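Every chain is numbered from 1 and lettered A, B, ... according to where its sequence line falls, protein lines coming before strand lines. Computed from a predicted structure; not experimentally measured.
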There are 2 protein chains.
Amino acid sequence: MNKVTMADVAAYAGVSKSTISQYVNKRYKFMSESTKIRIEEAIKELNYRPNSVARSLKQKSTFTIGVIVSNILHAFSTQVIRSIEDYCNSLDFHVIVCNADDNPEKEERYIQMLRDKQVDGLIVFPTGENLELYEEMVKTNYPVVFLDRKIPDLKISSVLLDNEQAVKMAVEHLVEKGYKKIALMTNALHRVFPRQERVRVFKELTSLHQLPIDEGYIVSRDLGQLKSSLGELLTSKPVDAIIAGNDLALLEILNYVKEHHIVIPKDFALISIDDVSFGNLYNPALTVVAQPAFEMGKKAAELLLEKIKGDFKEEEHIYLFQPVLIERDSC
Amino acid sequence: MNKVTMADVAAYAGVSKSTISQYVNKRYKFMSESTKIRIEEAIKELNYRPNSVARSLKQKSTFTIGVIVSNILHAFSTQVIRSIEDYCNSLDFHVIVCNADDNPEKEERYIQMLRDKQVDGLIVFPTGENLELYEEMVKTNYPVVFLDRKIPDLKISSVLLDNEQAVKMAVEHLVEKGYKKIALMTNALHRVFPRQERVRVFKELTSLHQLPIDEGYIVSRDLGQLKSSLGELLTSKPVDAIIAGNDLALLEILNYVKEHHIVIPKDFALISIDDVSFGNLYNPALTVVAQPAFEMGKKAAELLLEKIKGDFKEEEHIYLFQPVLIERDSC
DNA sequence: CTGTTAGCGCCTTCAC
DNA sequence: GTGAAGGCGCTAACAG
C-alpha cells in the first residue's frame, strides 16, 4: 500500500514536515527554488500521495458531498447524479452516491453514515418520513438540499419540477389537438404531488376547457393495479386521451396497449409526464412533458456548494423547474 | 454542526475517553452496568456520533470501496452499481461511485482521488488506457476488481460477460428460426471485444452452419455512421436477420427501422446483445441476449471484499458470466 | 525562508 | 473495570 508519509518525504528531501505541507498546498511564495525542486523530486521518487483522511481530520472538511437518491434505477436519478457529479468535479468536490430505495430506514442510515463520514453537505430525494432528522439538520445548520420532493413546513432549499404546470401543459396540449375526454393515470406512491392538488388542478382545467367533470377520469392506484384500472376505465367511460403521471405509469399503460392491440392515437391519445429513453423510438413516438433533469441536478449542486461556502441566501428556497413539451406522434 | 466529541461524552458521563471508546466499539465485556448506562445516556443526551474520519485515520481502514463506471447513464452500469451497493450494505461497507466517462484522464484522477481518500479497494470498468497505473496497483497489492472489460496480461480479477458465447447464442437462435443471411452490427468503440475475435467467432459459426461467408456482413462503425452503414448493407446484400452488438447499436438500428418503415421480423429479424428497458414493450417485443448485470455486480463486490479481508485466491481471476437468451417476437 | 510545536478525534496498549 | 499516554498523517501558528 501507500505507506509513504509526509515525514518520509521530509527526511528524504532534508527538510521538515511543514515545508512539505506548504509545498503540497502550493503555498510556495516564500520557498527557495532549490528546496522546491528537492521536494518535487523526493515526492516523485517516493511516489508520495497525501492522505486526505488525515487532512480532512485536521481541516474539518472533506470536500465531499453525499447524494441520496430514491432509486438509482430511474433514468431521472441517473441524469441528476450525472449532472451533480459533473458540476462538483469542476470545483474539485467529490460525490458519494447512495440509494435509499424509498425506504425511510435506509434513508436515515445513509444520512447518519454520510454525516459520520463528515461530508460537507447532502443532496437528498427525501422519503418524507424522517421528519425529526430533517428538522435536526435544519436546526444544526447542516447544508442540505432536497430534490424532486418537497417536505412541507421545512426550511430546506428544494429543487422541484412544477408538477402543476406539467399537468396543465399536458391537458392543454391535448385540448389543442381536439381531445376532450381526458383521463389522468398515475401510480399512488411515486413522487409527492398530493392527490388533492392533482385533483384540484385537473378540475380547474376541465372546467376551464369545458371538458367532462368526472373524478372517474382521475385514476391513482398502486402500480400493479394500474393495468386493470385502465381496463375498467375504458369499458366504463368514453376516453379519447390519457395522461401518464410518470414513467412507471406510462410503462403499465404501454403494457396494456400491447396486450389489447390498441392503436395509438386512434383508440386513444397518450402523453406522458417524464420522458423515457425509447420515447422517440416507440411506434408511435411518444409525446411527453419532460423534466429538465440535468438542469435540476446542476441547480441542486450549485445551491449546496453555495451553502457549504457559507453564502446562505435564506430568502428563497423553492426552485421550481418548468417542464418541457416534446411533441411527437402519440397525440 | 456536530461538534460534540468523545471527550465531551467522557466529561458528561464522568469517565475517561478510552472507556467511551470501548463502549462505542461494543467491547463492554469488562464494563460495569452502571457506567454502561451512564455512557448510554450521555451519548443520547449530547447526541454524540463518532467521527469516522478520525477513526479511519487511526485504523487505516475506511470501510469504503470505490466504483468507477464507464458511464452511469447506461442501464448496465446502474444495475451493477445497484447490486454492488446492496451487497456492500449488507456487510456495512460503503460505496463511492464515480463516472469516468470512458475518459482515461478522468479515470486516472478518480483512481488517485479514491486512493487518497484511503478507500479499501476499487471496482473499475477500465478504459484500458492507464496501464502503468493498473500495474502499479497490482505491484502494491492494492485490492482491485475489473468489470465489463478485460485488460490483457494483467493479474487483476475481472468479471466479464462471455462475449463469444453471446454471439454464438444469437447466431444459433437465428439459425434455428431459419434465418440464413445474418449480419452483425456494432459500434466500434463500445466494449472491448476485439474485432478480430468477433470476426473469428462469426466466421466459425457461419461455416459451421453453412451460412454465406462474407465479411460484408460484419459491420463495425462509429455510432453516428451506423445508420448509413445499415442502409448500404441492405441495398448491397440480401439480409434476413441482424444482430445488434450492444444496446447503443440497437438504438441506431431501431431509429433506421422507424425512418424507413421497416417491419420486423418480416423485412428482417432482429436480436440484440444487451437487454433494454423497453425490450418487452417495443412492437414487436425484442428478442435479446441479456447480461446478468446484477449477478456480475454482486460477484465483483464479493471478490473485492474477499481481497480486502485478505482472502486472496490468486489462482483464478477471470469470471466469465453466461449471457441469457430472452426470446420475444423480433425473431 | 524553514523548523518547532501543538493539536484534529479516535484507538490501543499498559498500568492502576 | 477504568484511566493515562502516545500516536495515526497532516496543518497552522509562531519562532527563528
For atom NZ of B:K36 and atom P of D:dG1, their distance in whole Å | 12 Å

Check every atom of D:dT2, D:dT11, D:dC8 against the side chain of A:K58 and return the nucleotide holding the closest atom.
-> D:dT11

Taking A:S83 for the side chain and A:F294 for the main chain, is one N or O donor matched with an acceptor at less than 3.5 Å?
-> yes

How about B:Y48 and B:Y12: are their ring centres within less than 6.0 Å of each other?
-> no

Between B:T19 and A:R55, name the one whose nearest nucleotide on DNA chain D is closer to the 5' end.
-> B:T19

Find the distance A:Q22:CD to C:dT4:P and express it as a whole number of Å.
-> 14 Å

Rounded interatomic separation in angstrom, taking CD1 from B:I20 and P from C:dT12 = 16 Å

Would you tell me whether A:D101 and A:Y110 have side-chain atoms, one donor and one acceptor, within less than 3.5 Å of each other?
-> no

Which nucleotide sits closest to the side chain of A:T35: D:dT11, C:dC11, C:dT2?
-> C:dT2

For D:dT2, take OP1 and OP2 only and decide whether either is under 4.0 Å from a side-chain N or O of B:S32.
-> yes

Give the nucleotide from the list D:dC10, D:dA12, C:dC11 with an atom nearest to the side chain of A:P50.
-> D:dC10

May I ask you to check whether A:N103 and A:R109 show a side-chain donor-acceptor distance below 3.5 Å?
-> no

Rounded to whole Å, the CG-C1' distance (B:D116 to D:dC10) equals 13 Å

Could you tell me the separation between the CG atom of A:L57 and the C1' atom of D:dT11, rounded to a whole number of Å?
-> 10 Å

Taking CZ from A:R49 and P from D:dC10, how many angstroms apart are they, rounded to a whole number?
-> 12 Å

Select one nucleotide: of C:dT4, C:dC11, D:dT11, the one nearest the side-chain heavy atoms of A:S21.
-> D:dT11

Base, sugar-phosphate alone, or nothing: which one does A:K17 contact when heavy atoms must sit under 4.0 Å apart?
-> base

Is there a side-chain polar atom (N or O) of A:Y48 under 4.0 Å from OP1 or OP2 of D:dC10?
-> yes

Can you tell which of D:dT11, D:dG3, D:dC8 lies closest to the side chain of A:Q59?
-> D:dT11

Can a donor-acceptor pair under 3.5 Å be found between the side-chain atoms of B:S18 and the base atoms of D:dG3?
-> yes

Nearest to side-chain heavy atoms of B:N51, which nucleotide of D:dT11, C:dG9, C:dC11 | C:dG9

Between B:R115 and B:E136, does at least one N-O distance fall below 4.0 Å, as a salt bridge requires?
-> yes

What nucleotide, of D:dC10, C:dC11, C:dC10, holds the atom closest to the side chain of B:V24?
-> C:dC11

Contact class for B:S56 vs. all strands (heavy atom < 4.0 Å): base, sugar-phosphate, or nothing?
-> nothing

Could you state the atom-to-atom distance from OH of A:Y23 to P of D:dA12 in whole Å?
-> 18 Å

Using atom CE of A:M6 as one end and atom P of C:dT4 as the other, report the distance to the nearest whole Å.
-> 14 Å

Under 3.5 Å, is there a donor-acceptor pair between the B:T64 and B:K117 side chains?
-> no

